[in-house]
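Here's the structure we're looking at; comments come further down.
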Amino acid sequence: MPEPTSGAANLLTCMPREEWTRRAEAHEARVRPWTQPFLDRRFRGEKHPVEDFLFTYYTLSPGQFTRWHPGPGVVLLDAPEREEWTFYRAATSAELTAAGAPEGASGVVVAAEAFLTKRETAVRFTRELLGRTAANPATFDCFGLHEWAMAYRAESNGVRHEDAPLRLGAEGTDEVVETHRIRCSHYDAFRFFQPQAVERNQLQPTRETQRRMEQPGCLHATMDLYKWAYKLLPVVDSDLLADCFELAWDVRATDMAASPYDLQDWGVEPVRIETAEGKAEYVRRQRAFAVRGAALRPRLVAATDRLLAVAA
């Protein structure tokens, strides 16, 4: 078996311990304003209907999010503690030489080959989904009605967020659902529709049609860039991960501001999508998020392509 490599020799770089520890500390400081309030609330047994979502619906823990990763092709010098981290390994002598490491140095690299061996199917799915989503035309006429469909018929189904009252009440919420065209293209939003709202969706996304139907104007598809980033850890670097999280954080705030819930006790001013002005504001934000997502999606695609090149 050939000696493992973390990429073409001329792409390897090395990072001294003082540099990579500085970057790790900077990453921890960057994400702390997001992670620490959640940890504090969890310690107190409190919940936040907007901000907890990225740590409860998505599966990356705050501790995992706080860990800094350089991505593949970087030899971290003098980092023996990382050899035991999942999908890391000791750098070979050839890699150390190619990276320009000092004579006698040791280091670790991301084990891209091992990652791909274990997760190639998932990587190829992610690559295809991201590529197809980017190529699909963006649509901006959903107005966040997925959240309303999840709250439909609350008198019989119950309220999804028990700590947040419905802004228009159950009857008013039902009226919004019944008097609007619903076109939700995102399966992982659609699957939470209340049963009585399912047939009201003009689109009927499934897991099988996900790759064909997701489109870059969708708030949930944009939020999911964070999911695809953390599922690729550690072959995605932590700067890209945090950039995706920051966008998802902002999207989540709008997603809930446009929802049927009264969240003013949590400092969330509503985007009243039941009005013309509210619809216009929603679309303005939606377009801005799509632009930000369009800058991040190619970076994730490039990460998958670099990884898949290992198997070529």
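- At least one side-chain heavy atom of Thr92 sits less than 4.5 Å from a side-chain heavy atom of Glu95.
- Here the side chains of Arg82 and Val108 are in contact, with some heavy-atom distance below 4.5 Å.
- The backbone N or O of Glu178 sits nowhere less than 3.5 Å from a side-chain atom of Tyr152 that would complete a donor-acceptor pair.
- Using a distance-only test at 3.5 Å, with no hydrogens or angles considered, no donor-acceptor pair links the side chain of Ser238 to the main chain of Leu241.
- Looking only at side-chain heavy atoms (C-beta outward), Leu225 and Arg297 come within less than 4.5 Å of each other.
- Atom CE in Met223 sits 7.0 Å away from atom CG in Leu54 (nearest 0.5 Å).
- For Phe193 and Phe190, the ring centers are positioned less than 6.0 Å apart.
- Evaluation of the salt bridge (Lys or Arg N to Asp or Glu O under 4.0 Å) test over residues 258-276, restricted to residues two or more places apart or in two chains, returns Arg167-Glu274.
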So Glu147 and Tyr261, side-chain hydrogen bond (donor to acceptor under 3.5 Å, both in side chains) or not? Walk me through it. CA-CA 9 Å; Glu147 286 290 342; Tyr261 301 102; 5.1 Å; no
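- Taking the centre of each ring, His180 and Trp148 stay at or above the 6.0 Å mark.
- Using a distance-only test at 3.5 Å, with no hydrogens or angles considered, no donor-acceptor pair links the side chain of Gln194 to the main chain of Gln196.
- Rounding to the nearest 0.5 angstrom, the gap separating the CG atom in Leu240 from the CZ atom in Arg299 is 4.5 Å.
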Start with the C-alpha distance between Trp228 and Leu129, add both sets of side-chain angles, then the distance that settles side chain to side chain contact (heavy atoms under 4.5 Å, CB included), and finish with yes or no. CA-CA 10 Å; Trp228 304 125; Leu129 178 65; 3.2 Å; yes
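- Looking at Pro102 and Leu77, their side chains come closer than 4.5 Å, going by heavy atoms from C-beta outward.
- Atom CD1 of Ile182 is separated from atom CD of Glu199 by 11.5 Å, given to the nearest 0.5 angstrom.
- His146 and Phe192 have their aromatic ring centers separated by at least 6.0 angstrom.
- Ala112 and Val310 get closest at one heavy-atom pair: CB-CG2, 4.2 Å.
- Annotation: side chain of Thr59 is in contact with side chain of Tyr230 (closest heavy-atom distance under 4.5 Å).
- Ring geometry for Tyr88 against Trp85 counts as perpendicular: the plane angle is over 60°, on a 0 to 90° scale with 30° as the lower cut.
- Criterion: ILVMFWY side-chain heavy atoms under 4.5 Å apart, direct or through other members. Under it, Leu145 and Met213 are not part of a common hydrophobic cluster.
- Screening residues 42-63 for salt bridge (Lys or Arg N to Asp or Glu O under 4.0 Å), with sequence neighbours left out, gives Arg41-Glu51, Arg41-Asp52, Arg44-Glu46.
- Salt bridge Arg181/Asp141: present, at least one basic N to carboxylate O contact under 4.0 Å.
- Residue-environment remark: CD (Glu84) stays at or below the threshold of 12 foreign heavy atoms within 6.0 Å.
- Here the CG-OG1 distance, from Asp224 to Thr133, works out to 9.5 Å after rounding to the nearest 0.5 Å.
- Between the side chains of Glu246 and Tyr226, no donor N or O sits under 3.5 Å from an acceptor N or O.
- Screening residues 208-218 for salt bridge (Lys or Arg N to Asp or Glu O under 4.0 Å) gives Glu128-Arg211 as the qualifying pairs, with residues at least two apart or on separate chains.
- For the pair Arg207 and Tyr187, the cation-pi criterion (under 6.0 Å, within 45° of the ring axis) is not fulfilled.
- The hydrophobic cluster of Phe43 has no other members, since no ILVMFWY side-chain heavy atom comes under 4.5 Å of it.
- Trp266 places a side-chain heavy atom less than 4.5 Å from the side chain of Pro49.
- Across every non-hydrogen atom of Val74 and Val109, the tightest pair is O-CG1, 3.7 Å.
- Using a 4.5 Å heavy-atom threshold, the side chains of Gln36 and Pro62 count as separate.
- Centroid-to-centroid, the aromatic rings of Phe65 and Tyr58 stay 6.0 Å apart or farther.
- The structure places CZ of Arg67 at 7.5 Å from OG1 of Thr86, a figure rounded to the nearest 0.5 Å.
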Begin from the C-alpha positions of Arg285 and Thr254 and carry the test side chain to side chain contact (heavy atoms under 4.5 Å, CB included) through to its verdict. CA-CA 8 Å; Arg285 297 189 193 190; Thr254 287; 3.0 Å; yes
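- With hydrogens and angles left out, the side-chain atoms of Glu28 and Thr66 include no donor and acceptor closer than 3.5 Å.
- Shown here are the side chain to side chain donor-acceptor pair (under 3.5 Å) partners of Arg32, two or more places apart in sequence or in another chain: there are none.
- A tilted orientation is assigned to the rings of His186 and His220, their planes being inclined by 30° to 60°.
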Report the C-alpha distance between Val301 and Asp305 in whole Å, list the side-chain angles of each, state the deciding distance to 0.1 Å, and finish with yes or no for side chain to side chain contact (heavy atoms under 4.5 Å, CB included). CA-CA 6 Å; Val301 168; Asp305 286 344; 3.7 Å; yes
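- Minimum interatomic distance between Arg153 and Asp174 (heavy atoms only, all atoms of both residues): N-OD1, 2.8 Å.
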Between Glu18 and Arg22, does a salt bridge (Lys or Arg N to Asp or Glu O under 4.0 Å) hold up when you go through it step by step? CA-CA 6 Å; Glu18 57 270 22; Arg22 183 191 66 78; over 6 Å; no
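- Applying salt bridge (Lys or Arg N to Asp or Glu O under 4.0 Å) to Glu113 and the options Lys118, Arg89, Arg119 leaves one that passes, Arg89.
- In plain terms, the two heavy atoms of Cys184 and Leu203 that are nearest each other are O-CB, 3.6 Å.
- Counting heavy atoms of neighbouring residues, nucleotides and ligands inside a 6.0 Å radius, atom CD of Glu155 does not exceed 12 of them.
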Please test Phe115 against Val123 for side chain to side chain contact (heavy atoms under 4.5 Å, CB included), starting from the C-alpha separation and ending with a verdict. CA-CA 9 Å; Phe115 186 96; Val123 172; 3.8 Å; yes
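- The backbone N or O of Val271 lies less than 3.5 Å from no partner atom in the side chain of Glu281, so there is not a single donor-acceptor pair.
- Between Arg127 and Thr304, the shortest heavy-atom distance links the atoms CD-OG1, 3.0 Å.
- Of the possible polar contacts, one joining the Gln204 side chain to the Val198 backbone as a donor-acceptor pair under 3.5 Å is found.
- Taking the salt bridge (charged side-chain N to carboxylate O under 4.0 Å, His left out) definition, one finds that Asp250 meets it with Arg292, sequence neighbours left out.
- With no hydrogens or angles considered, a side-chain donor-acceptor pair links Gln202 and Arg183 at under 3.5 Å.
- Contact record, Val283 with Phe140: CG2-O, 3.4 Å, taken as the closest heavy-atom pair.
- Looking at heavy atoms from C-beta onward, Pro70 lies out of side-chain contact with Trp20 at the 4.5 angstrom threshold.
- Paired with Pro260 under the rule side chain to side chain contact (heavy atoms under 4.5 Å, CB included), one option of Val177, Thr173, Ile273 passes, and it is Thr173.
- In this structure, CG in Asp188 is found 10.0 Å from SG in Cys218, a value given to the nearest 0.5 Å.
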